[in-house]
Amino acid sequence: MFCSFSISDYTCLTMDFHQLLKAAVHFTVGRLCQEVGQDCDKEFSKQVTAAIAETTFRQCDNFAKDLEAFARHAKRTTINSDDVKLIARRSSALSKYITKKCEDLISANQEQKERKKRKSDKKRSSEGEQAEARPGDDDAGEAE
Amino acid sequence: AVGQEAEHRMETVGKLFSFFFKDEKTKISGDAVILMTEMLKIFVEEAARRSVKQADAEDCDLVDIEHFEKILPQLLLDF
């Protein structure tokens with residue numbers, strides 16, 4: 001092994017994390033393959049599931065780098081749904097689907113916001129002046 | 001909690017993406033994570049269904065790596 005002891009714990013941690021993420025992707029790919037297999041009366045070999053998982057993992061890498069570049073081009077540091085729309089541009093059907101999904105999400109978010117506002121308005125009128133600080137979960141990014 | 005339909009967990013997808021970002025400052029919004037979760041699901045399903053189709057064309061009951069190898073180039077061009 002060429003790795004000396006100078007390699008920090010951090011490197012080991014990230015390497016573990018890499019394996020962990022890969023395992024998570026593999027697990028979900030396995031389940032999705034099983035579903036498709038049941039649907040079409042076919043069985044997936046272990047190797048093909050592993051190959052699809054590996055491809056998905058690498059494709060994820062590509063997606064992430066592309067998204068990052070798109071966001072930077074728009075002079076942003078947070079990736080939003082417009083960047084995802086650009087990722088899906090290569091196939092027209094996929095692009096249409098993602099655009100529709102995006103619109104659905106936006107309208108759902110708006111509805112939720114309105115409902116929250118109405119609720120807090122009611123609360124304020126009934127309980128008088130109370131702190132309106134609520135856990136803000138509407139559009140905060142979940143990446144750390 | 002595991003839903004009935006298999007899907008990547010959003011938390012995992014978020015972590016996965018932040019793991020791949022070159023710049024530490026880059027973040028991803030909640031909506032984008034939801035959409036990317038859907039994208040990944042479509043990618044995997046597409047891979048699986050195209051492999052099944054290839055296996056069907058070759059009259060095999062077991063979908064194997066050779067079937068996936070044949071559909072892989074076009075799959076990557078479509079995403």
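Only this structure's heavy atoms are used, side chains among them; waters, hydrogens and symmetry mates stay out. Letters A, B, ... are given to chains in the order of the sequence lines, protein chains preceding strands, and every chain is numbered from 1.
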Can you tell me how far [atom2] of [Y] sits from [atom1] of [X], rounded to the nearest 0.5 angstrom?
X: A:Ile87; Y: B:Phe79; atom1: CD1; atom2: CZ; answer: 11.5 Å
X: B:Lys15; Y: A:Leu20; atom1: NZ; atom2: CG; answer: 9.5 Å
X: A:Cys102; Y: B:Ile34; atom1: SG; atom2: CD1; answer: 10.0 Å
X: A:Asp83; Y: B:Leu35; atom1: CG; atom2: CG; answer: 11.0 Å
X: A:Arg90; Y: B:Leu76; atom1: CZ; atom2: CG; answer: 9.5 Å
X: B:Leu40; Y: A:Phe63; atom1: CG; atom2: CZ; answer: 6.5 Å

Can you tell me which portion of [X] sits under 4.5 Å from chain B's heavy atoms? Options are side chain, backbone, both or neither.
X: A:Thr49; result: neither
X: A:Arg72; result: side chain
X: A:Ala51; result: both
X: A:Gln59; result: side chain
X: A:Leu32; result: both
X: A:Phe57; result: both

Quick one, [X] and [Y] - any side-chain contact, counting heavy atoms below 4.5 Å?
X: A:Ile79; Y: B:Phe21; result: yes
X: B:Val44; Y: A:Ile52; result: yes
X: A:Cys60; Y: B:Phe17; result: yes
X: A:Leu67; Y: B:Met36; result: yes
X: B:Leu16; Y: A:Val25; result: yes

With a 4.5 angstrom heavy-atom cut-off, which part of [X] approaches chain A: side chain, backbone, both or neither?
X: B:Phe43; result: side chain
X: B:Leu72; result: side chain
X: B:Leu62; result: both

According to a hydrophobic-cluster definition based on side-chain heavy atoms being under 4.5 Å apart (Ile, Leu, Val, Met, Phe, Trp, Tyr only), do A:Leu105 and B:Met10 belong together?
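The answer is yes; both residues are in one hydrophobic cluster.
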Just so I understand: if I count every heavy-atom pair under 4.5 Å between each of B:Glu69, B:His67, B:Lys22, B:Glu66 and chain A, which residue has the most?
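The residue among B:Glu69, B:His67, B:Lys22, B:Glu66 with the greatest pair count is B:Lys22.
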Where is the tightest heavy-atom contact between [X] and [Y], given as atom of each residue plus distance?
X: A:Cys33; Y: B:Ala48; result: SG-CB, 4.3 Å
X: B:Asp64; Y: A:Ser45; result: OD1-OG, 2.9 Å
X: B:Asp61; Y: A:Lys42; result: O-CD, 3.4 Å

Do you know which of A:Ile98, A:Val48, A:Leu94, A:Asp61 has the most heavy-atom pairs under 4.5 Å to chain B?
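Among the listed options, the one with the most contacts to chain B is A:Asp61.
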Contact winner vs chain B - A:Ile106, A:Asp82, A:Asn80, heavy-atom pairs under 4.5 Å
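The answer is A:Asn80.
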Side chain A:Glu68, main chain B:Asp23, donor-acceptor under 3.5 Å
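Side chain of A:Glu68 to backbone of B:Asp23: a pair is present.
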Counting distance only, does the side-chain N/O of A:Thr78 pair as donor-acceptor with the main-chain N or O of B:Ile28 below 3.5 Å?
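Here the side-chain-to-backbone pair does not exist.
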More than 12 heavy atoms of other residues, nucleotides or ligands under 6.0 Å from [atom1] of [X]: yes or no?
X: B:Gln54; atom1: CD; value: yes
X: A:Lys65; atom1: NZ; value: yes
X: A:Lys22; atom1: NZ; value: yes

Check each of A:Asp41, A:Val36, A:Asp39 against B:Val52 using the side chain to side chain contact (heavy atoms under 4.5 Å, CB included) test, and report the only one that passes.
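That would be A:Val36; it is the only one of A:Asp41, A:Val36, A:Asp39 passing the side chain to side chain contact (heavy atoms under 4.5 Å, CB included) with B:Val52.
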Ring geometry between A:His18 and B:Phe19 (parallel below 30°, tilted from 30 to 60°, perpendicular above 60°):
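Because their plane-to-plane angle lies in the 30° to 60° range, the rings of B:Phe19 and A:His18 count as tilted.
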